[in-house]
Number of protein chains: 2
Amino acid sequence: METPVETTRERLLNVAEQRFGEGGYEGTSLRAITVAAAANIAAVNYHFGSKEALLRAAVARAMAPVNAERRRRLDQLEAGAPPTPEALIRAFVEPGLDLVLRRGERGALIARFIGRIAFDPSRRIRELYAVESEPIESRYLAALQKALPQASPDAVAFGYVNMLGLLALHQSQALSPTPGAAGVQDTADPSELAENLVTFLVAAFDHGLRS
Amino acid sequence: METPVETTRERLLNVAEQRFGEGGYEGTSLRAITVAAAANIAAVNYHFGSKEALLRAAVARAMAPVNAERRRRLDQLEAGAPPTPEALIRAFVEPGLDLVLRRGERGALIARFIGRIAFDPSRRIRELYAVESEPIESRYLAALQKALPQASPDAVAFGYVNMLGLLALHQSQALSPTPGAAGVQDTADPSELAENLVTFLVAAFDHGLRS
DNA sequence: GCATAGTTCAAACGGTCGTTTGAACTGGAG
DNA sequence: CTCCAGTTCAAACGACCGTTTGAACTATGC
C-alpha cells in the first residue's frame, strides 16, 4: 500500500500545524517549518503569500471538519425536541476533543494547534481562529441561551466563554500537571476527557449561572 | 505630592509586565521594553542578566502578593472548621482577580501578565510561573481533595486544573467577546467577575466531579 | 580632589527573521 | 522537440534579535 505523495503545499500545512502548535505563532520561524517540510522558504510565499497566510490556511483546514461536525450535530439536535444544555455542550465539546480518536496521532497535534492559536497572545492571531469558528459558535451560544431560560443571556454567555476557554486549553494540552501536584494525571483516553469535561461544564451551566 | 523616582530597574520591571502581558514572551523584544522604560538595552543585562531573567524577576514580583494573600486565606481557613469547597475556591480565585481592585489600573495589567505567562506556548516560560505558584497551589489542591471526599482525588485534580485555566484566562483577558457573539459583555467590575467565576466553579466542583 | 563601586551608554557582534528576486527546473500539451 | 505554466531554488535584502564590550558617567566616601 503506497502512501500518496504529499505536495509541498500539504507538507507545509502539516508541519505548520505541528510547529505552530508547539511554539505558538511568534515562537515558530518559517525556516524551522520549511526545513522540517523539506521545502524551500520561498515556497511559503509562492503557495500562501506570507507566514500569516500560511497560518490562516492551516487554521481553516484544521477547523473545517470540526466546524462541519458541530454544525451537523446542532442541525440534528434542533430538528427534534428542544435540546437540553447537556446535549448542546456535548455536541460542541466532543468534536473538539474527538480529533485524536478520528485521526490517530495527527489528531492530537491538530487539537493542540487549534487550542494554541485560539489563545495566542496576539489578538490578530486569535482572530484568525475566531473568523473560522464564529459562524457555528454563535449558533451554539444562541441555542444555549434558549435552553437555559432561567439564567440571564449574559450569564449563559459567561458560561459559554468559559467552555470555549477550557476546551481550547485541554486541546492545547496546556493543562498538564503542575510540578508537585501529586495525583494529577494526564487522562490518556480522550473520550474519558470529553466525558469529564462535559460533566464539569454541565454542572456549572445547570447550577452555576446567575439569573 | 511628589512621586518617588523610579529606578531603572523598577521601570524595566513595570514595562516588562505590561509588554509581556500584551505580546507574550516571544512577541516582545527587549528593545521595545527598554525604549518604553527610557532605559538602555544593556541595562537589562546589567540588572537582570538576560531577557528570561527579567521575565523571571517580573513573574516573581507579580506573584508575591497574590501568593501571600492565598497563603494567608488558606491558613485562616484551616485554623477553623474544615473549609468548604466554596470557601477554598473563593480563597484561591479572589486574590487572582482582586488585582484590579487593590492596585487600580496597574492591577489589571499585572493580572493579564500573570495569566499570559501561565499559558505561554513555551513550556520553559510556563514553568517560570509554575515555580512561583506551585508551593501554595499544591496546598490548595490537597485541601480541595480533603473537602470533596465524595469525588476521587483525580477528579478533584481535574477540577483544580480547570480552575487554574479559567482563572488565568480571565486574568489575561483572553476571554473577550468573540466577534458576533451578541450579548457577551466584558464584566466591568472585577468583583462581579470573581463572583460569577466562583459560582460557576463551585457548581462544577459540587455537582460535576466524578467519583 | 581622588578613588571606587555602581550604573548607563553607543556601538558592535553574530545570528535570525520574513520577504523578495531572477534563474533554473519540471511536467504536460501540442 | 518546443513552449509554457507551474514550481522550486539559492542568494540576498533590510530589519530585528539578545548579548557583549569598553568607555563614560554618577554618586559617595575619604
Asks: Quickly, which of A:Arg116, A:Arg61, A:Arg112 forms a salt bridge (Lys or Arg N to Asp or Glu O under 4.0 Å) with A:Glu17? Name it, please.
Replies: A:Arg61
Asks: Using whole Å, what does the distance between atom C1' of nucleotide C:dG18 and atom CZ of A:Arg124 come to?
Replies: 12 Å
Asks: Please determine whether a side-chain nitrogen or oxygen atom of B:Tyr46 lies at a distance below 4.0 Å from atom OP1 or OP2 of C:dT8.
Replies: no
Asks: Tabulate atom names and distances for all N/O pairs under 3.5 angstrom spanning the protein and nucleotides 25-27 of chain D.
Replies:
none

Asks: Please enumerate all residues that pass salt bridge (Lys or Arg N to Asp or Glu O under 4.0 Å) together with A:Glu52, with sequence neighbours excluded.
Replies: A:Arg56, A:Arg124
Asks: Which atoms of nucleotides 17-19 of chain D (N or O only) lie under 3.5 Å from a protein N or O atom, and what are those distances?
Replies:
residue	atom	partner	partner atom	Å
D:dC17	OP1	B:Ser29	OG	3.1
D:dG18	OP1	B:Leu30	N	3.4
D:dG18	OP1	B:Lys51	NZ	2.8
D:dG18	OP2	B:Leu30	N	2.9
D:dG18	N7	B:Arg31	NH1	2.7
D:dG18	N7	B:Arg31	NH2	3.4
D:dG18	O6	B:Arg31	NH2	2.9
D:dT19	OP2	B:Lys51	N	2.9

Asks: It should be established whether A:Thr8 places a side-chain nitrogen or oxygen under 4.0 Å from OP1 or OP2 of nucleotide D:dT7.
Replies: no
Asks: Just how far, in rounded Å, is C1' of C:dT7 from CZ of B:Arg11?
Replies: 12 Å
Asks: What is the ring orientation for B:Phe205 with A:Phe200, classed by angle as parallel under 30°, tilted 30 to 60°, or perpendicular over 60°?
Replies: perpendicular
Asks: Do A:Glu6 and A:Asn14 have a side chain donor and acceptor closer than 3.5 Å?
Replies: yes
Asks: Can you tell me the distance, in whole Å, between the CZ atom of A:Arg19 and the P atom of C:dG18?
Replies: 13 Å
Asks: Over how many whole Å does the gap from A:Arg9 atom CZ to D:dG6 atom C1' extend?
Replies: 14 Å
Asks: Quick test of your reading of the model: are B:Arg139 and B:Glu78 salt-bridged, counting only N-O distances below 4.0 Å?
Replies: yes
Asks: Is any side-chain heavy atom of B:Phe92 less than 4.5 Å from a side-chain heavy atom of B:Leu141?
Replies: no
Asks: Can you find a pair of side-chain heavy atoms, one from B:His170 and one from A:Asn162, that are under 4.5 Å apart?
Replies: yes
Asks: Are B:His47 and C:dT8 close enough that a side-chain N or O sits under 4.0 Å from OP1 or OP2?
Replies: yes
Asks: Output yes when at least one side-chain N/O atom of A:Asn40 is less than 4.0 Å from OP1 or OP2 of D:dA10, else no.
Replies: yes
Asks: In whole Å, what is the span from the CD1 atom of A:Ile33 to the P atom of C:dT16?
Replies: 16 Å
Asks: I'd like to check B:Glu134 versus B:Glu127 (side-chain heavy atoms, cut-off strictly below 4.5 Å). Are they in contact?
Replies: no
Asks: A side-chain contact here means heavy atoms from C-beta on lying under 4.5 Å apart; do A:Thr34 and A:Val15 qualify?
Replies: no
